[in-house]
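For reference, the structure discussed in these notes is given below.
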Protein chains: 2
Amino acid sequence: MKKAGACDLKTCFLCQFSIPEWIAAVSDHKQHLFYKKNEVIFQEGNPVEGIFFLYEGKVKVHKQWGSDKDLIVRFAQKGDILGHRGLGSGERLYTVSATALEDTTVCYTDMAFFEASLKVNPTLTLKLMQFYADELQEAERKMRNLVHMDVKSRLADALLEISRLHNDTLFTISRQDLASFAGTTYETIYRNLQEFIQEKLIAVDGKSIRILNEKKLRKYVLSCPGLD
Amino acid sequence: MKKAGACDLKTCFLCQFSIPEWIAAVSDHKQHLFYKKNEVIFQEGNPVEGIFFLYEGKVKVHKQWGSDKDLIVRFAQKGDILGHRGLGSGERLYTVSATALEDTTVCYTDMAFFEASLKVNPTLTLKLMQFYADELQEAERKMRNLVHMDVKSRLADALLEISRLHNDTLFTISRQDLASFAGTTYETIYRNLQEFIQEKLIAVDGKSIRILNEKKLRKYVLSCPGLD
DNA sequence: GTTTTAATATGATTTAGATCATATTTTTGT
DNA sequence: ACAAAAATATGATCTAAATCATATTAAAAC
């Protein structure tokens with residue numbers, strides 16, 4: 001991690017929903033930080049120190065299991081918040097890790113200042129609350145998928161989600177991360193990707209994946225009597 | 001559902017964190033509702049109409065899958081909020097169902113009034129936000145458990161969680177609900193309960209379960225290199 | 001109070017997907 | 001540029017847990 005100067009005071013969640021009078025204070029407390037690819041931004045189990053707003057780059061938010069297993073709960077990108085789970089009422093430890101998937105710039109403020117900001121800016125609190133509501137819904141949807149959908153459908157869902165995130169049918173991701181995101185193993189992902197390739201729903205070249213037939217892919221997700 | 005008069009204006013989340021001047025307005029908008037055992041309080045997919053505060057009884061919050069499968073994402077009890085997922089930015093549809101597990105009294109207000117309350121009472125918003133943060137952490141923890149723990153460990157976790165909720169080592173729950181909560185099938189729960197009985201970690205009499213050896217049960221949950 | 005319906009009990013069978021094993025290719029650190 | 005580490009490829013094997021099948025019992029409904 002390297003410090004990377006001040007921020008523009010208008011892009012991030014904190015600046016966007018703070019009252020104009022508060023921006024000066026924000027300016028004093030915020031700083032840009034730079035993380036290079038694969039660098040850990042914060043680690044599950046460590047004390048919560050601050051909150052991060054993603055400016056540039058992509059980050060995976062994941063829970064680790066032992067030394068070699070992992071579950072990616074979310075991918076974050078420009079505009080997203082990281083470290084907000086630390087605001088709960090429990091122990092102040094990060095319950096997830098965040099790792100940069102590419103070179104990443106974040107805007108950072110310590111938790112004390114962020115909490116002061118919440119007190120001063122009701123709109124900020126309200127927006128953050130809505131953000132949580134959305135994340136919770138998504139987490140519960142994924143929980144249900146893990147229990148009731150087979151791996152192929154979950155992989156289809158994961159591919160569509162990642163594509164949506166990149167706002168592009170072409171994107172790059174490691175099989176390992178794909179496995180951790182779909183809640184399965186590398187080998188199973190490998191095999192199911194092969195099947196999707198055969199069925200001409202996707203095309204793969206190295207680490208990059210292109211979605212060729214979104215409609216059919218979506219059918220896999222919906223093929224079950226569930227709603228969505 | 002039956003209407004059941006006015007509320008005491010101090011027990012629920014909404015009253016507790018609203019400024020005194022707002023309580024009169026709350027009084028005009030809140031009402032007690034009564035649901036009997038197995039009655040549906042709200043249903044996944046239906047438009048969000050309001051928010052509920054549990055006064056008495058126990059409720060399961062669940063996502064359905066087809067007509068016969070189910071995942072219980074949470075049990076709610078006295079003091080808990082229901083229907084808050086409706087505050088997200090997406091479509092205003094309930095993303096979960098809520099069903100009374102016993103005769104239940106809730107305090108209800110329509111969403112428009114609750115949202116007005118949030119605007120007027122920053123503390124309320126802040127507390128709700130914290131509540132969400134906790135729920136999100138728990139949801140993600142369960143996600144990880146579903147992916148990385150075997151059924152027996154998840155059952156142990158479920159039993160401990162339900163016991164904690166009841167604040168008692170003795171509680172009553174159907175095998176089916178236990179299965180839906182642990183993310184597995186009735187048969188698998190049945191078998192694993194047998195094993196726990198054999199190991200003298202629990203005792204079962206009809207639908208009631210007593211935890212005999214919390215420590216060993218907890219070991220099952222922690223037996224893996226994960227943290228918690 | 002009897003008919004339906006739902007929950008429980010339990011063995012037998014099947015299968016999706018994890019694990020293991022090993023070779024090859026790609027990345028990354030120095 | 002080269003060694004070490006990580007990611008990928010792919011077949012073979014194993015197993016936890018789902019599914020199926022069928023009694024039995026308990027709870028609701030009429």
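Chain naming here is simple, since letters A, B, ... match the order of the sequence lines and numbering starts at 1 in each.
In terms of the ring-ring contact (aromatic ring centres under 6.0 Å, His included) criterion, residue partners of A:Phe113 (sequence neighbours excluded) are, by chain and number, A:Trp22, A:His29.
Rounded to a whole Å, the CG atom of A:Asp150 is 18 Å from the P atom of D:dA17. The separation between A:Leu155 atom CG and C:dG17 atom P is 11 Å, rounded to whole Å. As a whole-Å value, the separation of A:Gln176 CD from C:dT27 C1' is 15 Å. Atom CD1 in B:Ile189 sits about 16 Å away from atom C1' in C:dT10, given to the nearest Å. Here the P atom of nucleotide C:dT10 and the CD atom of B:Glu195 are 14 Å apart, to the nearest Å. Put simply, CD1 on B:Ile173 is 13 Å from P on C:dA7, counting in whole angstrom units. In this structure, OH of B:Tyr190 is placed 17 Å from P of D:dA17, rounded to the nearest angstrom. Rounded to an integer number of Å, the gap from A:Lys37 NZ to C:dT27 P is 8 Å.
If you take CD1 on A:Ile162 and CG on A:Asp168, they are separated by 13.0 Å, rounding to the nearest 0.5 Å. Atoms CG and CG, on A:Asn145 and B:Leu146 in that order, are 11.0 Å from each other to the nearest 0.5 Å.
Applying the 4.0 Å criterion to OP1 and OP2 of D:dT19, one finds that B:Lys69 has a side-chain N or O inside that range. Look at A:Thr188 and you won't find any side-chain N or O under 4.0 angstrom from OP1 or OP2 of C:dG17.
Taking the charged nitrogens against the carboxylate oxygens, A:Glu199 and A:Lys152 do have a contact shorter than 4.0 Å, which makes a salt bridge.
Across all strands, B:Lys152 comes closer than 4.0 Å to no nucleic acid atom at all (heavy-atom distances). Across all strands shown, A:Lys36 has no heavy atoms under 4.0 Å from either base or sugar-phosphate atoms.
If you check residues 178-187 of chain A against DNA chain C, the residues with a heavy atom closer than 4.0 Å are A:Thr184, A:Thr185, A:Glu187, listed by number.
Classification of the A:Phe42-A:Tyr94 ring pair by plane angle, with boundaries at 30° and 60°, yields parallel.
With distances taken from any side-chain atom of A:Arg191 to the nucleotides C:dA7, D:dG11, C:dA9, the minimum falls on D:dG11. The listed nucleotides are D:dA7, C:dT8, C:dT19; the one nearest the side chain of A:Lys207 is D:dA7.
Each of B:Gln176, B:His62, B:Lys63 was compared with B:Asp70 under the side chain to side chain contact (heavy atoms under 4.5 Å, CB included) criterion, and only B:His62 meets it.
Between the side chains of B:Thr95 and A:Glu140, no donor-acceptor pair is found at a separation under 3.5 Å.
No more than 12 heavy-atom neighbours from other residues, nucleotides or ligands sit within 6.0 angstrom of CD on B:Glu49.
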According to the Watson-Crick and G-U wobble definition with distances under 3.5 Å, which dot-bracket string, read 5' to 3', encodes DNA chain D, using [ ] for crossing pairs and | for pairs with another strand? ..|||||||||||||||||||||||||||.
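Minimum heavy-atom separation, A:His148 to B:Lys69: CE1-CB, 3.6 Å.
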